[in-house]
Amino acid sequence: MKVFVTKTIAPEAVAFMKEAGVEVTEWKERRELEPEELIGHCMNHNALLYAGHGKLDRRFLDTCNHLKVIALHSVGFDNVDVKAATDLQIPVGNTPGVLSAATAETAFLLMMAVSRKAFYMHRRILNGEWGFSEPMDNLGISLQGKTLGIFGLGKIGMELARQATAVYNMKIIYHNRRHNEEAEHTYGAAYVSFDELLAQSDVLSVHAALTPETKNTFNTQAFRKMKPGSIFINAARGGIHQEDDLIAALNDGLIWGAGLDVTNPEPMKADNPLLKMPTVAILPHIGSATVETRTAMAMIAARNIVAGLKNEPLPHPVNPEVYS
Ligand code: DGY
């Protein structure tokens with residue numbers, strides 16, 4: 001049994017698959033595979049361990065319908081046509097749970113960085129602009145006791161709520177498809193309508209999955225309803241915000257700042273105006289990028305591969321319907 005791994009992953013996970021008798025081919029070139037190259041490699045393998053955000057669409061799945069399992073090295077699976085995989089009886093696995101803390105930390109880091117213009121100040125020092133400063137120069141916004149609005153309060157949002165209440169005594173409000181009773185009980189989180197979330201949040205942090213319903217949710221119409229002094233954070237998927245609208249909202253003072261770990265599109269181009277704005281902080285989609293988290297993600301993906309190749313149910317399937 002052979003698995004094709006699209007990027008270099010934690011060696012523990014490769015060793016685990018080899019010990020289970022799986023022949024592992026790792027793609028070692030530091031570039032994204034072209035769709036036809038990916039298909040070419042999959043043709044010689046029984047399983048795919050996919051790290052990346054490229055599309056695994058119906059055409060790919062139809063062509064590679066011999067795959068016994070696809071294990072994603074991510075919790076998000078918006079890049080996969082899950083319906084097509086299910087129609088073709090291909091189990092798809094993801095890596096839930098293990099990246100909640102790291103991703104929430106990234107959102108927290110962005111919130112702090114934006115509120116104190118940290119990335120911009122760093123750039124100024126690099127440019128030799130420390131120089132003279134007045135007491136009223138470069139002021140940030142305090143986060144103490146402010147209202148944190150969470151759009152999509154699942155595991156990552158819960159972790160962010162824990163950090164924000166513990167460190168800044170922030171008040172938590174949220175908008176979800178359904179109520180999160182644990183968050184209401186543990187962090188006093190209050191469920192609000194989407195418009196209330198926009199109107200009341202001092203910091204609004206996005207932690208929802210990218211779906212047809214959430215795509216482009218944060219557009220000019222939404223930014224107009226936010227507080228003028230508020231901060232927008234997105235550490236989920238860039239497709240949930242409209243980037244041109246965000247740039248305009250910041251330029252027009254509809255909101256105060258923004259912190260993004262995900263951009264729309266990715267990768268962000270170096271000439272994007274957001275990179276020059278004082279109250280903006282951008283990271284290159286590194287929400288889960290800690291040694292501990294990436295190792296845990298790779299191990300889950302490896303376990304999904306081994307189970308799939310043994311015709312056993314995946315420990316973490318996104319389409320459990322393939323077993324019914
Ligand atoms: C995920 O796991 O979905 C993160 O965005 C990393 O890709």
Side-chain angles (χ1 to χ4, degrees), residues 5-10 12-13 26-27 30-33 38 48-57 69-82 85 91-111 150-160 163 205-218 232-241 243 258-268 281-305 314-319:
V5 183
T6 61
K7 288 186 180 166
T8 300
I9 60 169
E12 293 87 334
E26 285 182 276
W27 177 253
R30 292 187 57 83
R31 64 173 177 86
E32 299 292 337
L33 284 152
L38 180 62
L48 171 63
L49 196 158
Y50 188 79
H53 299 282
K55 290 251 171 284
L56 302 183
D57 57 12
V69 49
I70 297 176
L72 304 175
H73 191 280
S74 62
V75 68
F77 50 88
D78 48 278
N79 56 327
V80 183
D81 187 335
V82 175
V92 178
N94 70 339
T95 63
V98 292
L99 41 67
S100 308
T103 307
E105 280 163 16
T106 305
F108 196 86
L109 160 71
L110 288 169
M111 175 172 82
I150 301 180
F151 180 74
L153 183 45
K155 290 195 178 97
I156 298 171
M158 279 292 280
E159 182 58 26
L160 181 63
Q163 296 170 11
S205 195
V206 176
H207 297 285
L210 175 61
T211 64
E213 292 76 43
T214 61
K215 191 167 185 211
N216 290 334
T217 297
F218 290 88
F232 174 77
I233 304 289
N234 189 356
R237 282 294 181 266
I240 300 176
H241 69 254
E243 212 139 289
L260 307 177
D261 181 46
V262 289
T263 62
N264 182 11
E266 284 182 16
M268 177 179 269
I282 310 286
L283 292 173
H285 203 149
I286 54 159
S288 61
T290 65
V291 174
E292 295 81 356
T293 302
R294 288 282 164 88
T295 304
M297 290 167 73
M299 285 306 295
I300 292 183
R303 289 201 172 92
N304 278 334
I305 290 291
L314 309 193
H316 295 284
V318 303
N319 56 347

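First listed ligand is number 1; within each ligand, the first listed atom is number 1. Note that these values count all heavy atoms, side chains included, but never hydrogens, waters or copies made by symmetry.
- Look at Lys7 and Glu26 and you find no salt bridge, because none of the NZ, NE, NH1 or NH2 atoms lies under 4.0 Å from a carboxylate O.
- In terms of polar-atom proximity, defined here as any N/O pair under 3.5 Å, Ala236 makes no such contact with ligand 1.
- Residue-ligand proximity, Ser74 to ligand 1, at heavy-atom distances under 4.0 Å covers atoms 1 (C), 2 (O), 3 (O), 7 (O).
- Of all the heavy atoms of Leu99, the ones lying under 4.0 Å from any atom of ligand 1 belong exclusively to the side chain.
- Between the choices Asn94, Leu210, Thr95, Val75, the shortest heavy-atom distance to atom 2 (O) of ligand 1 belongs to Val75.
- Distance alone, capped at 3.5 Å, places no donor-acceptor pair between the Thr95 side chain and the Met297 backbone.
- Neither the backbone nor the side chain of His73 comes within 4.0 Å of ligand 1, counting heavy atoms alone.
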Criterion side-chain contact (heavy atoms from CB on, under 4.5 Å) on Glu159 and Lys155, from CA distance to verdict | CA-CA 6 Å; Glu159 182 58 26; Lys155 290 195 178 97; over 6 Å; no
Does the pair Asn234 and His241 meet the rule for a side chain to side chain donor-acceptor pair (under 3.5 Å), with working shown?
-> CA-CA 8 Å; Asn234 189 356; His241 69 254; 3.0 Å; yes
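- Residue-ligand proximity, Gly76 to ligand 1, at heavy-atom distances under 4.0 Å covers atoms 1 (C), 2 (O), 3 (O).
- Looking only at heavy atoms of the protein, atom 7 (O) of ligand 1 is closest to His53 CE1, 3.0 Å.
- Remark: ligand 1 atoms within the under-4.0 Å shell around heavy atoms of Met297 are 2 (O).
- Other residues, nucleotides and ligands contribute only 12 or fewer heavy atoms inside 6.0 Å of the CZ atom of Arg30.
- Without hydrogens or angle criteria, Asn79 side chain to Lys55 main chain gives no donor-acceptor distance under 3.5 Å.
- Side-chain contact check for His73 versus Leu49: some heavy-atom pair is nearer than 4.5 Å.
- If you check which protein heavy atom lies closest to atom 4 (C) of ligand 1, you get His285 NE2, 3.8 Å.
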